[in-house]
Amino acid sequence: MPTGNDGNLPDWPRLYHALYRIRAVEERIAEIYPSDLIKSPIHLSIGQEAVAVGVCEALSARDIVFGTYRGHAMYLAKGGDLKTMMAELYGKATGTGRGKSGSMHLMDNAAGVMGTSAIVGSHLSNAVGFALAEQLKGGDRVTAVFFGDGASDQGTFHESLNFASLKALPVLFVCENNDYAIFSDSAARMAGARLHEKARGYGIESDCIDSGEFTEILEAAEAAVASIRTGGGPRFLEIKTWRAMEHVGPSADDHLNYRPAEAIQTWSRRDPVQAAGSRLAPDQRAAIEAAVAEEIEAALSFAADSPFPAAEELGAHVFAS
Amino acid sequence: MPTGNDGNLPDWPRLYHALYRIRAVEERIAEIYPSDLIKSPIHLSIGQEAVAVGVCEALSARDIVFGTYRGHAMYLAKGGDLKTMMAELYGKATGTGRGKSGSMHLMDNAAGVMGTSAIVGSHLSNAVGFALAEQLKGGDRVTAVFFGDGASDQGTFHESLNFASLKALPVLFVCENNDYAIFSDSAARMAGARLHEKARGYGIESDCIDSGEFTEILEAAEAAVASIRTGGGPRFLEIKTWRAMEHVGPSADDHLNYRPAEAIQTWSRRDPVQAAGSRLAPDQRAAIEAAVAEEIEAALSFAADSPFPAAEELGAHVFAS
Amino acid sequence: MSSQADTRELSYADALLEATRMEMARDPSVFVMGQGVDDPKGHYGTTMNLHREFGPGRSFDTPIAEETMTGVAVGAALNGMRPIHVHQRVDFLMLCMNQLVNMAAKMSYMFGGGARVPIVVRAGIGRSWGQGAQHSQSLYGMLMHVPGLKVVVPSSPYDAKGCLIAAIRDDNPVIMIEHRMLYRLRGPVPEEAYEVPLGKARVVREGSDITVVAISHMVVEALRAVDLLASKGVSVELVDPVSVAPLDTQTILASVAKTKRLLFVDNDWTIAGASAEVLAAVAETFQGREPVQVRRMGYHPSPCPTTRPLEDLYYPSPEGIAEAVLEFFPGRALDRENSMAERPELSEFKGPF
Amino acid sequence: MSSQADTRELSYADALLEATRMEMARDPSVFVMGQGVDDPKGHYGTTMNLHREFGPGRSFDTPIAEETMTGVAVGAALNGMRPIHVHQRVDFLMLCMNQLVNMAAKMSYMFGGGARVPIVVRAGIGRSWGQGAQHSQSLYGMLMHVPGLKVVVPSSPYDAKGCLIAAIRDDNPVIMIEHRMLYRLRGPVPEEAYEVPLGKARVVREGSDITVVAISHMVVEALRAVDLLASKGVSVELVDPVSVAPLDTQTILASVAKTKRLLFVDNDWTIAGASAEVLAAVAETFQGREPVQVRRMGYHPSPCPTTRPLEDLYYPSPEGIAEAVLEFFPGRALDRENSMAERPELSEFKGPF
Ligand SMILES: Cc1ncc(C[n+]2csc(CCOP(=O)(O)OP(=O)(O)O)c2C)c(N)n1
Ligand SMILES: Cc1ncc(C[n+]2csc(CCOP(=O)(O)OP(=O)(O)O)c2C)c(N)n1
Ligand SMILES: [Mg+2]
Ligand SMILES: [Mg+2]
């Protein structure tokens, strides 16, 4: 797990490990999916890993993240447990949510992953509220909230930015702008200025990274987190990225031709995992990949060997007690 | 009723009539209120009349307005019937809504007053939808929607601006910015840029009038309506104004000291009704005022003499048929 | 119903598409809006290519902004249009309850008849696999509480087409609840346009020993239960309310008056929902003067879990329904081993959504 | 209850204020948020000067943005706080149903116990005059449909204080429905902090001939009806559920088992609401084996009109309740002329809101 950055050069082996690990986990999930071991919708982040890893690298272990149904990358980047994640996908009692969460609602309190939601946009205000509580308590944790471009269609996006700015809350808004909400491109949904510009309209310092470059993301995130941590109030990052697979499910869907071929090519050239991997010596890279493969197989065994929840579990946890 | 402007100088006698008539009606309502003839909350526009009259003057009789519970001024400025309005306030069967609307839900189809709502912000999207239908049908009516600064707190404000801009709809957003939502001043609710600037963020041409000057409002409204009518898409007007009375009810409440004394004085000097009246010769003014007084008393008699709705009316109109 | 026997078969999804196309062709004020309605999947095919056939102004994608887009539909309706607003899931209606409950449901009344709001809100419900707490609700039990809203829950292709046409032509807000596991269900659907009256229950199967009322996909499940009961000598009368608001309690109560037994199989939570309303009507009607036995079943009173073993317990099943029926008849029991219904729409589902 | 007799009297509003102050003093994680909570009226006095006493961080005004502010409360709760979110009117909850139903009600379950959401949502309901269609709903009948939400409807100052304290200390989302015509009602309230258990009905008046269940302000109206019935020889057992979710059907059913008669006076629409749920429970419990007579009354099934003559028909009244009770006892009738209850909270109301 990334443990914060000390201002030195990026530690590429560690970063490649983080990026590659997410990729490998998701590719393995896609491979397994047709076997029906995972009976829950999966929204893969393949292609988008740099956002989660770049931002979580800038966060400390105690910081908090909120995310969406497309949450595997964020969960893993923040240090979420892989074994319990895989058990959750398999619907097992040892899963992050005892089999009640599935892929869409991963959570890991110990790692600061406060949960993921499948109602587009609805978790932004939860993150803002978490940050409000942090401010009220005088704590120094930063809350980062990941969301898609589609979430910005919702009024709560604006209400959340407004309130965060009004109270100068320690929250980092991270827009993973992959330009699509399912098949709908942002031009069909959004008028006017870009999102980070709209965020500035609320008096929130905002940045955009359009290149997909990992180091740019990392630097912007570090600057933002540092400013938030020292009482600078909310910050906003709009990070362009690209979803390589279909919106939901284990496959690619570019044969449906809803996205421009040129953009597909551009972003395939920018693949963040390949880019990071190419910075390493082949044997170093191979060692990382082998270690990841081993970890994944161990997690899968854990998941496979775990029991399904007992019938009594159906009625448990409706209320906390 | 104003019938649109022909580019000549303002017709002050007519405008004063429109402004004074609203003022006089509301003052009369405030006077009557303690007698309990009006058993329904009243939100007076005293002090804000220039907005409604200025904008409606720029609209044609066939154009459409949507407004709020603070709707008397808009209703009257757009040509809503005074008799049925007063009957409605008295809860009578001859009222605009047969006694089911009260002051907060005035409507006059014939005058293009499409209704008023008491859920802050909720009618913006209705106006946008009305304009969408107008566009789909190829009609040329402009839809204007009046709302307070408080309504802009709601996410639907943003969603509505976004969609109106996206579809280039013939809708005029009119923000009556009296700086308060009940006792809450806008600084306690809003961060960042001013509202008309936020509107620009959606690619909507926007104007602000801070002076309270009637002619400025009128000119801005005429320019906006002309542009909308010729296919220029939505426009936005932020018009600063001042509520002279309490949020709801017949009295002033400045003794509660929630608004700066200086602002109270400034806006009292800017009273739009006095300003217009002072442009007229005293006898001309007196004649207008006398005519208005007569009209009001006739409306009150109509209201007083009308019957209450029969018991069967309770179950009628749950569904349209 | 006999006239349907000769008619062509369509899937539920195609019946909805056909209804929409016919109404759009007939009436230029009808249009379709909603997230993804013009996308390559066309909301399970139900809006497929409408934007091509009728132009992009009459079937269009929207921002993900349920509150405002519902308000837009309401406003368009006030200007004479008849919008059909499509939502992937009823859960998302929680974002536009304000427009539905405070605006659409109120306007006719609060303006004394001066406004009408002919909108159709189509919303998907239902399981597939692992949809979880936020994508598995039904909520018609909540929506039917509000005067001014009509709520229909068709279970067959025939009713899907007829209800949608009736809903489009209705001058009021109509919410249409569509279970995803029904979209591929096939059944007879007349080619012409026809209306299924909103507020009239349908007796799906006549019987004399017990009245089973089931809603939406539970009608399919209840029919399977009836098959499982074939050898048990229980004559089931199966009633589909088709609409929960208005709710045709008369037809249901007439059946109960005959059978003296009622099992309500809800497709939702039962607390203060459709089944509560019908059981209350039974209490009011019979006033304990006759020994009318009642029972309701529905979603387990919890959010929906994702894992299959718990999901299977969460939803009523054909076997569970059959067992519940038999409990009304002491001494008869189901042999679970040899009584598992085929449920192709569930067993053949392979994801991803 | 006898211990209350000696205690000091407080108004319902003051009881709420006292509960809030005590809990804020006891527990630094408790805070108050909502439109106007720090304004000169302090939400009918219930939040008066809390910002002065505890600082502006612990009682603050919010933007008019119900969805997001509810989400903020949820998020703060996830971070260990216990927010009390105050709404002038339950109607505005239609703007935050998503946060209540899809988020707050789901989190504990969908994270397998990994999250808890201790929020209190206070919402006003009820008439005064001419509030109309958009400011007169109750909607607890809708909210109680959703597993994961608790919904309380206290009718007395004693229960107001005790329920609010219990709600604040509860680890789950609790919605508290407060009728405006109760705020000035006075009654005994112990000085110390105490909890009224959420989910326990209260027998307000013991009796043997008929069980009347009434909710919120209808408890007050039903007590007046009982007075009107004094000379009619009908012994009424009056039960106040106090909480509709969880709903203590046991206490109600025990009373009905005794009286064999139930009149439910709802403070909401009855369709698929609290009264439907209780009548359904009666049908389930007695299975028509005993002649249990039932009836429900509530808001007229329409939006609320503004004019007083229709408003008077829209709401159950003491006289209407008394007449409904007498209909259970053929031959006895109310002399309307000489039986008009005093209703100071309504007759003395002079606006403006
Ligand atoms: C409130 C709501 N409306 C609609 C949906 C259906 N839906 C699921 S994902 C999605 C697209 C979201 O796009 P974006 O926010 O850009 O995230 P991405 O999937 O691209 O990561 C939509 C519309 C939903 N889940 N919630
Ligand atoms: C959704 C909603 N939340 C809260 C309220 C309570 N409320 C009534 S008027 C008002 C203030 C609105 O202020 P503004 O929009 O500026 O209009 P003004 O009263 O100043 O004309 C509020 C908060 C409401 N009616 N609707
Ligand atoms: Mg996206
Ligand atoms: Mg204002």
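We name chains A, B, ... by the order of the sequence lines, and we start the count at 1 in each one.
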Practice task
Using non-hydrogen atoms and a 4.5 Å limit, figure out which bit of C/Ala245 sits close to chain D: side chain, backbone, both or neither.
Solution key: neither

Completion exercise
Tightest non-hydrogen contact, residues D/Ala272 and C/Gly273, listed as CB-O, 3.7 Å

Problem - Heavy-atom closest pair, residues D/Asn102 and C/Asp91 - result: ND2-O, 3.0 Å

Exercise for the section: Would you check, one step at a time, whether the test side-chain contact (heavy atoms from CB on, under 4.5 Å) holds for C/Gln293 with D/Arg289? Expected result: CA-CA 8 Å; C/Gln293 292 172 261; D/Arg289 282 188 298 257; over 6 Å; no

Practice task
Check whether D/Val244 gets within reach of chain C through its side chain, its backbone, both or neither, counting any heavy atom under 4.5 Å.
Solution key: neither

Completion exercise
From the list C/Pro147, C/Pro301, C/Gly112, the residue making the most non-hydrogen contacts under 4.5 Å with chain D is C/Pro147

Handout entry: Minimal non-hydrogen separation, D/Gln287 against C/Val294, with atom names
Key = OE1-N, 2.7 Å

Exercise for the section: Output the distance between atom NE2 (D/His145) and atom OH (C/Tyr140), rounded to the nearest 0.5 Å. Expected result: 7.5 Å

Problem - Beyond-backbone contact of C/Gln99 with D/Met94, side-chain heavy atoms, under 4.5 angstrom - result: no

Practice task
For side-chain contact (heavy atoms from CB on, under 4.5 Å), just list the numbers for C/Met97 and D/Met142, CA-CA rounded to whole Å, side-chain angles, deciding distance to a tenth of an Å, and then say yes or no.
Solution key: CA-CA 11 Å; C/Met97 283 296 272; D/Met142 169 184 275; 3.6 Å; yes

Exercise for the section: Answer with side chain, backbone, both or neither: which region of C/Glu67 has an atom nearer than 4.5 Å to a non-hydrogen atom of chain D? Expected result: side chain

Practice task
Find the one option among C/Asn98, C/Leu100, C/Leu279 whose heavy-atom pairs under 4.5 Å with chain D are most numerous.
Solution key: C/Asn98

Problem - Pairs of heavy atoms under 4.5 Å with chain D: top-ranked of C/Asp268, C/Thr306, C/Leu262, C/Leu143 - result: C/Asp268

Exercise for the section: Return yes when atom CD of D/Gln250 has more than 12 non-hydrogen atoms of other residues, nucleotides or ligands closer than 6.0 Å, and no otherwise. Expected result: no

Problem - Closest non-hydrogen atom pair, C/Glu277 against D/Thr270 - result: OE1-O, 3.8 Å

Problem - Shortest non-hydrogen contact from D/Arg296 toward C/Ala281 - result: NH2-N, 4.3 Å

Fill in the blank from the handout: Interface check, chain D: of C/Lys260, C/His135, C/Glu66, C/Lys106, most non-hydrogen pairs under 4.5 Å belong to C/Lys106

Problem - Closest approach of C/Val101 to D/Gln137 (non-hydrogen atoms, all atoms of both residues) - result: CG1-OE1, 3.3 Å

